[in-house]
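As a basis for the values below, the full set of heavy atoms in this structure was taken, side chains included, without hydrogen atoms, waters or symmetry mates. Residues take their numbers from the sequence shown, with the count starting at 1.
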Amino acid sequence: MQCVSLSLFRFPSVAARLWVLGQMGAARFSLPETPGIGAWKLCGSGMGEGFTPVPNTQVWAILATWPDQATARAQTADAPVFRRWRARASEAWSVYLSTTSTRGKWAGTEPFLADADPGTGPLAALTRATIKPSVALKFWRRVPSISAMIGDDPNVLFKIGIGEVPLLHQVTFSIWPDAQAMAAFARKDGPHAQAINAVRQGHWFREELYARFRVLGDAGTWEGRSPLAQHRSAA
């Protein structure tokens with residue numbers, strides 16, 4: 001069963017941030033040599049709740065696919081790229097996912113392979129889009145209200161906005177305790193629903209991908225603890 005990993009790293013110092021900026025080029029040569037790695041992406045992140053066009057130069061991400069969870073955990077722990085990034089970071093966290101559904105493409109490919117749902121654990125949602133330059137300003141004008149809406153939702157366990165190219169490529173990632181909480185946010189009338197309607201009617205995206213995952217587990221901490229700790233306590 002394919003396993004998807006999202007690894008986040010926090011680099012607070014200016015020197016560390018300059019170092020990881022260079023790694024956005026250098027790691028492209030070493031990541032493909034990592035045993036077992038499939039598709040992979042190096043991403044920056046946004047400020048605030050994460051869903052903004054303003055870059056957060058402290059937080060960077062590696063998204064990757066692996067043949068199974070054991071390989072994902074072993075390589076994100078021991079592979080040279082991941083070890084180098086973790087050594088420079090003040091904090092690092094990896095979440096491991098099994099794809100339950102996916103549609104669309106990412107840079108012309110389908111990186112995620114849907115499999116049988118393990119049926120336990122929180123759910124995660126990932127959306128990735130390439131925004132048409134002619135409507136980028138319209139799109140990002142809507143984002144602050146969406147960001148506030150998801151930030152105020154008491155059910156969301158974790159959320160972040162990442163991307164490969166500022167302004168034109170955006171990825172949203174969020175974790176929810178169950179399908180009901182995820183669906184309730186998606187159906188709720190407000191900025192999120194209005195933005196989706198505008199995107200559909202105006203054909204704002206050149207390319208889209210939507211994927212849903214079952215969360216298999218995590219390693220490390222983010223903001224001093226596991227983002228899944230709240231769910232574990234409730235369970």
Side-chain angles (χ1 to χ4, degrees), residues 4-12 16-17 20-21 23-24 39-65 72 76 82 85-86 89-97 99 106 111-112 121-131 139-140 142-177 181-182 185-186 191-192 195 208-231:
V4 179
S5 66
L6 176 63
S7 300
L8 301 176
F9 304 84
R10 193 186 307 280
F11 300 93
R17 284 182 246 175
V20 75
L21 189 61
Q23 284 292 301
M24 297 301 282
W40 54 268
K41 299 292 180 183
L42 298 168
C43 297
S45 69
M47 292 291 286
E49 296 290 346
F51 305 99
T52 72
V54 181
N56 180 357
T57 58
Q58 290 194 40
V59 176
W60 300 79
I62 302 176
L63 178 70
T65 65
T76 54
F82 291 89
W85 283 44
R86 202 161 46 246
S90 63
E91 190 171 35
W93 178 65
S94 291
V95 60
Y96 304 100
L97 314 161
T99 309
W106 187 323
F112 308 127
L123 291 171
L126 180 148
T127 66
R128 190 269 182 183
T130 300
I131 306 162
F139 175 83
W140 289 112
R142 292 180 178 268
V143 166
S145 54
I146 300 172
S147 179
M149 183 178 173
I150 193 171
D152 291 339
D153 194 305
N155 291 313
V156 66
L157 301 177
F158 180 77
K159 70 279 184 186
I160 193 169
I162 58 177
E164 308 124 284
V165 179
L167 299 179
L168 299 182
H169 290 174
Q170 63 90 28
V171 178
T172 63
F173 178 81
S174 56
I175 299 178
W176 304 83
M182 181 187 290
F185 174 81
H192 183 259
E208 304 171 64
L209 181 144
Y210 300 90
R212 182 178 291 190
F213 309 87
R214 182 68 67 177
V215 177
L216 302 176
D218 67 337
T221 64
W222 201 248
E223 296 183 347
R225 68 186 187 112
S226 164
L228 304 181
Q230 173 186 338
H231 177 77

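- Among Phe158, Trp222, Phe82, Phe9, the one residue that satisfies the ring pair (Phe, Tyr, Trp, His ring centres under 6.0 Å) test with Trp93 is Phe158.
- Applying the side chain to side chain contact (heavy atoms under 4.5 Å, CB included) test to Ser94 and every residue at least two apart in sequence or in another chain returns Ser7, Thr76, Tyr96.
- Of all heavy-atom pairs spanning Arg214 and Gly121, the tightest one is NH1-O, 2.6 Å.
- Partners of Thr221 according to the side chain to side chain contact (heavy atoms under 4.5 Å, CB included) rule, which considers only residues two or more places apart in sequence or in another chain, are Glu91.
- For the pair Ile175 and Val215, the tightest heavy-atom approach, listed with the atom from each and the gap, is CG2-CG2, 4.1 Å.
- Once rounded to the nearest 0.5 Å, the distance linking CD1 of Ile160 with CG of Leu126 reads 11.5 Å.
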Would you please test Phe112 and Leu97 for side chain to side chain contact (heavy atoms under 4.5 Å, CB included) and show each step?
CA-CA 10 Å; Phe112 308 127; Leu97 314 161; over 6 Å; no
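- When all heavy atoms of Gly46 and Asn56 are compared, the closest pair comes out as O-CB, 3.5 Å.
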Contacts table for residues 57-65: side-chain donor-acceptor under 3.5 angstrom, sequence neighbours left out:
from: Thr57; atom 1: OG1; to: Arg17; atom 2: NH1; distance (Å): 3.2
from: Trp60; atom 1: NE1; to: Thr57; atom 2: O; distance (Å): 2.8
from: Thr65; atom 1: OG1; to: Ala39; atom 2: N; distance (Å): 2.9

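- Scanning for ring-ring contact (aromatic ring centres under 6.0 Å, His included) contacts around Trp40 gives an empty result, with sequence neighbours left out.
- With contacts defined as side-chain heavy-atom distances shorter than 4.5 Å, the pair Pro227/Val95 does not qualify.
- The CZ atom of Arg212 lies 5.0 Å from the CE atom of Met182; values are rounded to the nearest 0.5 Å.
- Across all their heavy atoms, Glu164 and Cys43 have their closest contact at CG-SG, 4.1 Å.
- Ring geometry for Phe173 against Phe213 counts as tilted: the plane angle lies between 30° and 60°, on a 0 to 90° scale.
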